[in-house]
Amino acid sequence: MSSRQLLFRVFYRLGFTPWDGHPLAESLRALVEGESALPARTALDIGCGTGDTSIYLAKHGWHVTGVDYLARPLDRARAKAAAAKVTSSFVRADATRLTSEGVGTGFDLIVDNGCLHGMSDADRDAYVREVTAVAAPEARLLIVAFRPGSSFGVPGIDPAEVQRRFAAAWTLLDSGSESAMDHNGRDPARYYVFARTGS
Ligand SMILES: C[S@@+](CC[C@H](N)C(=O)[O-])C[C@H]1O[C@@H](n2cnc3c(N)ncnc32)[C@H](O)[C@@H]1O
C-alpha cells in the first residue's frame, strides 16, 4: 500500500474527510444538465470516495461505476446510494490499474473529482494510460483538480501538466476555474473537459 493510500485510509478511519459534502462541481452540472448536456449513458467516477458524484449522475439517468481503492468509503457510498434510492455500482479498484482490476471498458463519461491531483508522477503516467484504455471512442473526461500550493497536503497539478499528459489521446475542449470550489475567493481548483480523439 502506498503512503498516499495509507494516508487516505487513516483519514477515513478518523472521519477527517473535508471533501465529503462539498458542493458538486459546476463543470459537472454543465455536462449533465447544461445547454449542451451529454446524453446519459455510462459513466466512471474515479476516486469516488463516498459517492456524491456517482449518486448525482445516477439520479440523472447515467449507469455509473464508482471506483475507489479503499473499502470504507465504498461501503458508505453504497449506503448513501441505497438511501437515495438510486442504482450505482461501486467497485474497489486502483485508478492506476483499471484494466486489470475488472472495472469494465467503453465508458462514455469519466469523471475525476480530486483524485489525479494527489498522485505521484509514476501513478499519473499509469492513470492516463488506464483512463484512456477504458474510455469509449468518443468519450468525455472531466477532471477537477487543485493547482499546486492551493490546498494543504495536496500536491496539486499544474494546468500545463494536465494538458501535456492527455495530449496524445485526448483533445481539450474546455477548462477554467471550478467555481464550486472557490474557497472564499482563493480559487484553488480548475476543471478540464477532454474528448477522446487520439489512438
Ligand atoms: C479527495 S477524495 C475525493 C472523493 C470524491 N471524488 C469526492 O469528490 O467527494 C479522493 C478519493 O480518491 C481516492 N483515491 C486516491 N487515489 C486513488 C487511486 N489511485 N485509485 C483509486 N482511488 C483513489 C481516495 O481514496 C479518496 O476517496
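Counting starts at 1 for both ligands and their atoms, following the listed order. What's counted below: heavy atoms across the whole structure, side chains too, no hydrogens, waters or symmetry copies.
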Q) ligand 1: which residues have a non-hydrogen atom closer than 4.0 Å? A) Phe8, Tyr12, Trp19, His22, Gly47, Cys48, Gly49, Asp68, Tyr69, Leu70, Ala93, Asp94, Ala95, Asn113, Gly114, Cys115, Met119
Q. Knowing that exactly one of Gln5, Arg9, Arg4 qualifies, which makes a side-chain contact (heavy atoms from CB on, under 4.5 Å) with Leu7?
A. Arg4
**Q.** Positive for side-chain contact (heavy atoms from CB on, under 4.5 Å) with Val103, one of Asp94, Val67, Val134
**A.** Val67
(Q) Using side-chain heavy atoms (C-beta onward) and a distance below 4.5 Å, is Arg29 in contact with Tyr56? (A) yes
Q.
Any donor-acceptor pair under 3.5 Å linking the side-chain atoms of Asn113 with those of Thr53?
A. no
Q | Arg72/Asp75 salt bridge by N-O under 4.0 Å criterion | A | no
Q) Would you call Asp121 and Arg165 a salt bridge, taking side-chain N to carboxylate O under 4.0 Å as the test? A) yes
